[in-house]
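Residue numbers start from 1 in every chain, and the chains themselves are labelled A, B, ... in the order their sequence lines are given, proteins ahead of strands.
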Number of protein chains: 2
Amino acid sequence: MSKSSTPRRRRGSARPTLTQVAEAAGVSSITVSRALNTPERVNPETRRHILATVERLGYVPNLVAGSLASASTRFIAVIVPSLANAVFIEVIQGLQETFEDAGYQILLGNTDYDLDREAQLVRTFLGWSCSALVTAGLRHSSACRSLLQQWDHPIMEMMELGEALDLNVGLDHTAAGRCMTHHLLSRGYRQIVYVGARMAEDYRAGMRYAGHREVLEDAELAAPLLDLARLGSLELGALALDQVLATHPRADAIHFANDDLATGALLHAQRLGIGVPKDIAIAGFNGLPLGQQVTPRLTTIRSPRQRMGQLAAEQLLARLAGEPVTLRQDVGFTLLPGDSS
Amino acid sequence: MSKSSTPRRRRGSARPTLTQVAEAAGVSSITVSRALNTPERVNPETRRHILATVERLGYVPNLVAGSLASASTRFIAVIVPSLANAVFIEVIQGLQETFEDAGYQILLGNTDYDLDREAQLVRTFLGWSCSALVTAGLRHSSACRSLLQQWDHPIMEMMELGEALDLNVGLDHTAAGRCMTHHLLSRGYRQIVYVGARMAEDYRAGMRYAGHREVLEDAELAAPLLDLARLGSLELGALALDQVLATHPRADAIHFANDDLATGALLHAQRLGIGVPKDIAIAGFNGLPLGQQVTPRLTTIRSPRQRMGQLAAEQLLARLAGEPVTLRQDVGFTLLPGDSS
DNA sequence: AAAAAGGATGTTAGCGCTAACATGACAGCG
DNA sequence: CGCTGTCATGTTAGCGCTAACATCCTTTTT
């Protein structure tokens with residue numbers, strides 16, 4: 001009949017809690033909390049004693065509990081469309097370095113170029129009360145967009161420039177496309193095929209194509225397009241070269257959507273004994289180290305990827321610190337004329 | 001004099017809570033919780049009504065609170081030494097795919113080959129009550145080791161095989177080193193230089209060197225070593241070739257610690273007009289696509305990286321589901337004899 | 001010497017959710 | 001017709017921590 005003999009216990013983990021540390025140290029729990037989080041607000045002697053007790057008990061703070069109480073997780077959500085692309089890896093590296101030094105933890109999400117998946121990831125990340133969110137690109141599903149609009153934390157949209165929700169760091173892909181095609185025209189090429197991969201999803205490649213086409217139309221030239229159904233890679237670049245040779249025998253240049261494809265084609269041309277740029281010129285985009293090591297050196301456009309990640313992180317940290325920030329930042333690009341064009 | 005007129009409010013965020021959804025739907029909060037987490041335990045009609053209310057209010061569950069209450073986060077901590085190396089990226093991809101499908105979120109940590117940083121990351125990740133932890137390698141600082149030993153969740157140590165704390169998926173790097181050097185000997189090379197990068201930290205490259213040296217010592221040959229001070233890359237491989245040619249003019253083969261270095265050297269040889277393998281043979285390790293696209297095709301050893309990540313994730317999921325698992329799993333490796341040796 | 005200011009520590013009340021137990025309604029059954 | 005079982009829902013009590021306010025004591029100021 002006893003009601004309260006066993007007062008309903010939860011399965012507490014074996015790990016010591018703040019309160020236990022406080023008891024062992026003979027202080028109140030808030031003092032332990034302060035000793036760990038704002039040490040300057042605790043008497044040095046008390047602090048030493050508390051830290052020794054923490055050490056002795058092997059106390060590891062429960063960050064979940066702390067986050068709930070303080071309504072803040074030092075998480076930064078980072079959403080990218082792919083991990084298979086070196087570009088995003090370098091951006092992540094730039095973000096990670098800067099954020100880790102500032103004591104933030106990155107939550108990585110991969111959409112695989114699917115906007116619904118992005119919305120799903122955003123939901124999850126909002127649920128974790130992230131301090132800020134970084135995402136690649138300005139295009140989102142409407143569900144995703146409305147979630148983000150209601151959110152009251154900094155948002156950074158990266159890679160491209162335009163109408164952003166909040167902060168924006170990137171470059172002008174249409175201009176990059178124009179730039180490369182101007183270059184190819186100046187070298188005398190006239191039959192230029194543009195080759196992309198999954199361009200409906202990798203729409204930034206599509207923007208570069210738009211710039212490319214614009215320039216060719218101004219010159220009253222055709223702008224044939226080959227859009228491959230798989231994700232860009234070296235192997236796919238080789239395949240693309242075969243396909244272009246078969247379908248556009250008179251092509252004198254190929255403008256690839258990225259360096260992976262371009263380098264794949266270049267190496268394949270080497271295997272086939274096709275002269276680059278004598279028989280056909282090849283150009284890429286990104287400025288990956290690989291393209292600069294092959295012979296002939298790849299003509300490409302360098303995008304400051306790691307810098308973009310760093311800058312994004314710095315802007316967000318400034319915003320989180322309440323400092324004023326530039327909303328839109330153009331990181332630009334550089335034409336790297338190689339020997340493949 | 002009124003004490004309770006303003007009963008001490010916390011800054012609640014504007015977002016609706018479970019309780020508010022429950023009130024709006026006219027049920028208790030636990031019913032809303034169940035409708036979202038274990039829908040089959042709620043009457044279909046009630047559930048529909050609750051989900052509509054959730055939608056209407058734009059409710060996003062606070063996962064931090066849920067995790068505190070349930071003492072579980074569905075986080076998987078993943079610790080790698082570097083993001084600059086394609087190998088770890090592929091492993092992460094393998095992990096991510098499998099875990100994301102199972103509803104887990106990856107917490108990524110980068111040690112930059114620093115064991116103290118690893119220990120620090122482990123502390124943080126334990127603080128987040130991760131469901132499991134994955135780390136690259138079997139070597140840890142003693143602080144890290146003791147933290148992990150006390151931890152009562154699954155731990156996966158990847159990449160190499162040996163005395164593990166818990167689960168272990170990887171391959172035998174010493175054997176891989178032996179395998180490649182056997183191959184080079186069988187092709188007739190006798191003056192083989194081994195080239196690694198930061199081998200004190202990338203000690204798995206050191207293990208491959210150990211296997212390499214073992215084989216050469218059995219054949220009563222010298223095993224000269226060049227250990228570069230920077231992280232492996234294509235550029236560094238080119239530099240390494242120069243250095244080997246200068247310091248070991250009689251070398252007839254170079255056994256590189258990885259494909260990046262090897263391919264960099266191979267492409268550089270091409271620029272210098274040095275014949276591969278006529279003047280000098282080149283071998284790598286990893287089996288990256290790049291090495292298979294260059295001419296001559298790179299002789300290398302393929303490690304099943306993505307598979308390793310997948311397998312690690314599968315083993316951990318099985319363990320988390322309480323199923324029995326194999327503690328140590330050898331994923332093996334395959335010699336890919338190319339035309340560079 | 002009283003008032004004001006500041007430093008160190010404590011008390012209290014949650015943060016938003018879920019585990020564990022409790023309740024009530026109804027079906028099946030000998 | 002009471003017993004047991006099952007389903008749907010509710011009540012209660014935290015999870016482990018920190019924000020906000022309170023207290024006490026020491027210094028500084030005038």
Among D:dA19, C:dC15, C:dA20, which is the nearest nucleotide to the side chain of B:Ile30?
-> C:dA20
For A:Glu314, all residues meeting side-chain hydrogen bond (donor to acceptor under 3.5 Å, both in side chains), sequence neighbours excluded | none
Can you list every side-chain hydrogen bond (donor to acceptor under 3.5 Å, both in side chains) pair that touches residues 45-56 of chain B, not counting sequence neighbours?
-> none
Between C:dA19 (P) and B:Leu68 (CG): distance, integer Å = 12 Å
What's the CG-P distance between A:Asn43 and C:dG7, to the nearest Å?
-> 13 Å
Protein-nucleotide distance (B:Ile50, atom CD1; D:dA8, atom P), rounded to Å | 13 Å
Would A:Arg123 and A:Gln120 count as having a side-chain donor-acceptor pair, cut-off 3.5 Å?
-> no
Which part of the nucleic acid, if any, lies within reach of B:Val42 when heavy atoms closer than 4.0 Å are counted: base, sugar-phosphate only, or nothing?
-> sugar-phosphate
Rounded to whole angstrom units, what separation is found between the CG atom of B:Leu63 and the C1' atom of C:dC15?
-> 14 Å
Rounded to the nearest 0.5 Å, the CD atom of B:Glu118 sits from the CG atom of B:Leu148 at a distance of 7.0 Å
Could you tell me whether the side chain of A:Arg15 has a donor or acceptor atom within less than 3.5 Å of a complementary atom in the base of D:dG16?
-> no
Test side chain to side chain contact (heavy atoms under 4.5 Å, CB included) applied to A:Ser131 and A:Tyr104, step by step | CA-CA 9 Å; A:Ser131 301; A:Tyr104 286 86; 3.7 Å; yes
Of the nucleotides D:dT9, D:dC17, D:dT11, which one has an atom closest to the side chain of A:Thr17?
-> D:dC17
Ring-ring centroid check A:Trp151 A:Phe125, cutoff 6.0 Å = no
Could you work out which one of C:dT18, C:dT9, D:dC17 sits closest to the side chain of A:Arg34?
-> C:dT9
Set out, line by line, the N/O atom pairs under 3.5 Å between protein and nucleotides 4-7 of chain D.
none

Euclidean distance, atom CG of residue B:Asn62 to atom P of D:dC17 [Å, nearest integer] = 17 Å
Think B:Ser67 has a side-chain N or O under 4.0 angstrom from the OP1 or OP2 of D:dC15?
-> no
So does A:Tyr59 get a side-chain nitrogen or oxygen closer than 4.0 Å to the phosphate oxygens (OP1/OP2) of D:dC17?
-> yes
Each base of DNA chain D marked ( ) or [ ] if paired in-strand (Watson-Crick or G-U under 3.5 Å), | if paired to another strand and . if unpaired gives ||||||||||||||||||||||||||||||
To the nearest Å, give me how far apart CG (B:Leu126) and C1' (D:dG16) are.
-> 16 Å
DNA chain D nearest-nucleotide lookup for A:Val32 and B:Arg47: closer to the 5′ end is B:Arg47
What pairs of residues pass the side-chain hydrogen bond (donor to acceptor under 3.5 Å, both in side chains) test when at least one of them lies in residues 157-169 of chain A, not counting sequence neighbours?
-> A:His140-A:Glu157, A:Glu160-A:Tyr203, A:Glu160-A:Arg204, A:Asp166-A:Arg319
Please round to the nearest 0.5 Å and tell me the distance separating atom SG of B:Cys130 and atom CG of B:Leu107.
-> 5.0 Å
Send over the distance from A:Gln20 CD to D:dG16 C1', rounded to a whole Å.
-> 10 Å
Going through the checks in order, is the side chain to side chain contact (heavy atoms under 4.5 Å, CB included) test met by B:Leu95 and B:Val134?
-> CA-CA 9 Å; B:Leu95 287 166; B:Val134 181; 4.1 Å; yes
Distance test, side-chain N/O of A:Ser28 to OP1/OP2 of C:dT11, below 4.0 Å | no
Give the nucleotide from the list C:dC15, C:dT18, D:dT9 with an atom nearest to the side chain of B:Leu18.
-> C:dT18
Taken to the nearest whole Å, CG/B:Leu36 to C1'/C:dT18 is 12 Å
Residues passing the side-chain hydrogen bond (donor to acceptor under 3.5 Å, both in side chains) test with B:Ser28, sequence neighbours excluded, are B:Thr31
Respond yes when some side-chain nitrogen or oxygen of B:Ser29 is under 4.0 Å from OP1 or OP2 of C:dT18, and no when none is.
-> no
With respect to the side chain of B:Ser33, which nucleotide from D:dC17, D:dT18, C:dT18 is positioned closest?
-> C:dT18
